[in-house]
Amino acid sequence: MSKIIVNERYRPLAWIALGLGLLGLTFWLGAALFGGGHDMSAMADSHDHESVDVGMVDAQIWTCSMHPQIQRDEPGQCPICGMDLIPMAQNLNADPTILTMSAAAVAMARVQTSPVRATLAAVDEASAMATPALTLSGRLSTDERLAAVQSAHVAGRLERLFVNFEGERVRQGQALATIYSPELVTAQRELIEALKFRELNPALVEATRQKLRNLKISAAEIARIEASGEPQTNFTVKADQSGVVIDQRVQLGDYVMAGEPLMMITRLDKLWLLLDAYEGDLANIRIGDRISFTTPAIPGETFTARVSFIDPLIDPQTRTATIRAEVSNAGGRLKPEMFVRAELQARAAATVAKGGSPSGKTVYVPATAVLWTGRRSVVYVEVPEAEVPSYEFREVTLGARAGETYAVMAGLQLGERVVTNGAFSVDAAAQLNNQFSMMNRNVRIEGANQTGVVAGGVSEIVLPDYRAETPAAFKTQLAAVAKTYLAIKDGLVAGKPDVVTRAVVGFGESLQKVDMGLLKGDAHLYWMQQLGALTTHTADLRKATELADQREQFGFLSQALINTLKVFGTDGPVLYVDHCPMAFDGKGADWVSAQEGIKNPYFGDVMLTCGSVAETLAP
């Protein structure tokens, strides 16, 4: 904004001119209000509300619709995505649950809304069964029940191998290898010698025959040995079942022990279809459900199977459970480890239609409308007949997921419209305006322990874990942010507001140096949310001058930083999450420290050692 500079010599004249201007403005307003020549209603009707909203209200601050944490005092381009900055509208609604946005911001963020679908209680069962199918991915695998280990029944050296590679087909009874076994030769000599005294000791003869039978020597071979009187030096290993060799474990010349596996043989006329289902989809899957699947190896053809097993355990890394189905493969066209895409018809709608919702008020919304934080779910509802685009923060109770939709048990009404595209942008804008959002709301969860509540009411949530996929460079930058944060904490411990203010400046500078371009996918989106919270509370902390106000904002900032460090990790020194149960009238609060000893930033000298170490954040 430009400034008018007045020379001291002409300052009296300037004041006179200003007075005359105000007098003229007063005269003009009086004529407009009380004179008959001006129609004020017509002037109001012709007024361009949009131009006032953008030009007069928001011209001083420019932001990015996709990255609202970017704020500049002049137009330009977003340093993250390169989009043109737009004027940032100030929230005109006093209700902390309602966010107002300019039409330009809505357009740039590509916000779209969809109506809440009819209650399922009003849908007949046949229609309810036509819910979207679950789309799952997975692979084909061998049926583990059809695999058999071919082992050596006697110890010895492999003289010949008739099957030399994996993938070779064998028939039951086919010769696989020959073994020279001293043990077998000795057992045959014992039989030959026993035959010489068969009349004196027939039991001895039978015992030596049984010993050969235990070594898998057939009755015909035993008869031949008795007839010839000569021991057989090589023992032939024959296939116990037909199938394909999938694991060759020995080579020619190896010495094997009795019972040692030679190879694994499995049948491929039946395969397993293994699909990964997210835990949120498991409520819709039952044993016997029909599955249709395709594979890129056989384009244009669809195969069918039925669910035969649902893994009772969840993979802690992928948060999925394995769904298994049995596939007939008599022609051998399907191969183990082929990638497949499958569709499974969901059952959630039919269940609710039969009375799954006691109140009969269950409604349906697209999955993209729901912002899920682990313990609670949030949607943004369009405020009807609002003069400017407005969206209400609303917590909902979710039912089962069916395909790309969620059943909502409570929190929405039929006819309302929810944000289905751009919900993250709307939530980020709410965080910047210090309004209710996913990360800034004290929510009472039925049946859950209310732990981890800090100043301002941020409840404990289940956090994602991106530590394994976070680059080391990003962790180094977070370590630098944590280091500047500790200076703020030390200033609060000492009870020096001026030290805190200076430390906040350094914290903000370190925050701006974090390169979010190092993160991809969901990790990038989560950082955008955290950055919005960190930026907002940093700005509020910088504005605070009283020690009590600084400590309150420090509570917000600490929780956002703790969540960030837990989710992404750091490569700096070991940090400790400390908890004070007495802070903020007994609500409790957390902070980050570099030492195990407690130095309380919320009370300082009053209760310096109040608190305990709640968690250790090791690199």
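Nothing here was measured: the structure is a model prediction, and the numbers come from that model.
A donor-acceptor contact under 3.5 angstrom links the side chains of D571 and T476, judged on distance only. Between Y466 and D522, the side chains place no donor N or O within less than 3.5 Å of an acceptor N or O (distance only, hydrogens not considered).
Checking side-chain atoms of N563 against main-chain N and O of A560 turns up no donor-acceptor pair under 3.5 Å. Put simply, the side chain of T295 gets close to the backbone of F339: a donor and an acceptor are under 3.5 Å apart. No donor-acceptor distance shorter than 3.5 angstrom exists from the side chain of R110 to the backbone of N421, with no hydrogens or angles considered. Between the side chain of K475 and the backbone N or O of R467 there is at least one donor-acceptor pair closer than 3.5 Å. With N329 contributing its side chain and L334 its backbone, the two residues share a donor-acceptor pair below 3.5 Å. The backbone N or O of V256 lies less than 3.5 Å from no partner atom in the side chain of D254, so there is not a single donor-acceptor pair. Listed for the R417 side chain is a donor-acceptor partner under 3.5 Å among the backbone atoms of T113. Within the 3.5 Å criterion, the main-chain N or O of K520 finds no donor-acceptor partner in the side chain of E469.
Note on ring orientation: taking the six-membered ring where Trp is involved, the planes of F556 and H537 are parallel (angle under 30°, cut-offs 30° and 60°). Relative orientation of the F293 and F303 rings is parallel, given thresholds of 30° and 60° on the angle between their planes.
Here the closest non-hydrogen pair linking I291 and A342 is CG2-CB, 3.7 Å.
Applying the side chain to side chain contact (heavy atoms under 4.5 Å, CB included) test to Q172 and every residue at least two apart in sequence or in another chain returns S242.
For residues 296-311, the pairs satisfying side-chain hydrogen bond (donor to acceptor under 3.5 Å, both in side chains) are E301-R333, with sequence neighbours left out.
Salt bridge status for E326 with R145: present, with a side-chain N to carboxylate O gap under 4.0 Å.
By the 4.5 Å heavy-atom criterion applied to side chains, D281 and T320 are not counted as neighbours. Taking the side chain as every heavy atom from C-beta outward, T322 and D276 approach each other to under 4.5 Å. Contact of the F474 side chain with the D515 side chain is not registered, since no non-hydrogen atoms from C-beta on lie closer than 4.5 Å. Contact check for I310 versus I287: side-chain heavy atoms found under the 4.5 Å cut-off.
Results of the side-chain contact (heavy atoms from CB on, under 4.5 Å) test with L176 over Q150, E168, R160 single out Q150 as the only residue that passes.
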T420/S114 under side chain to side chain donor-acceptor pair (under 3.5 Å): CA gap, chis, key distance, verdict: CA-CA 6 Å; T420 53; S114 299; 3.3 Å; yes
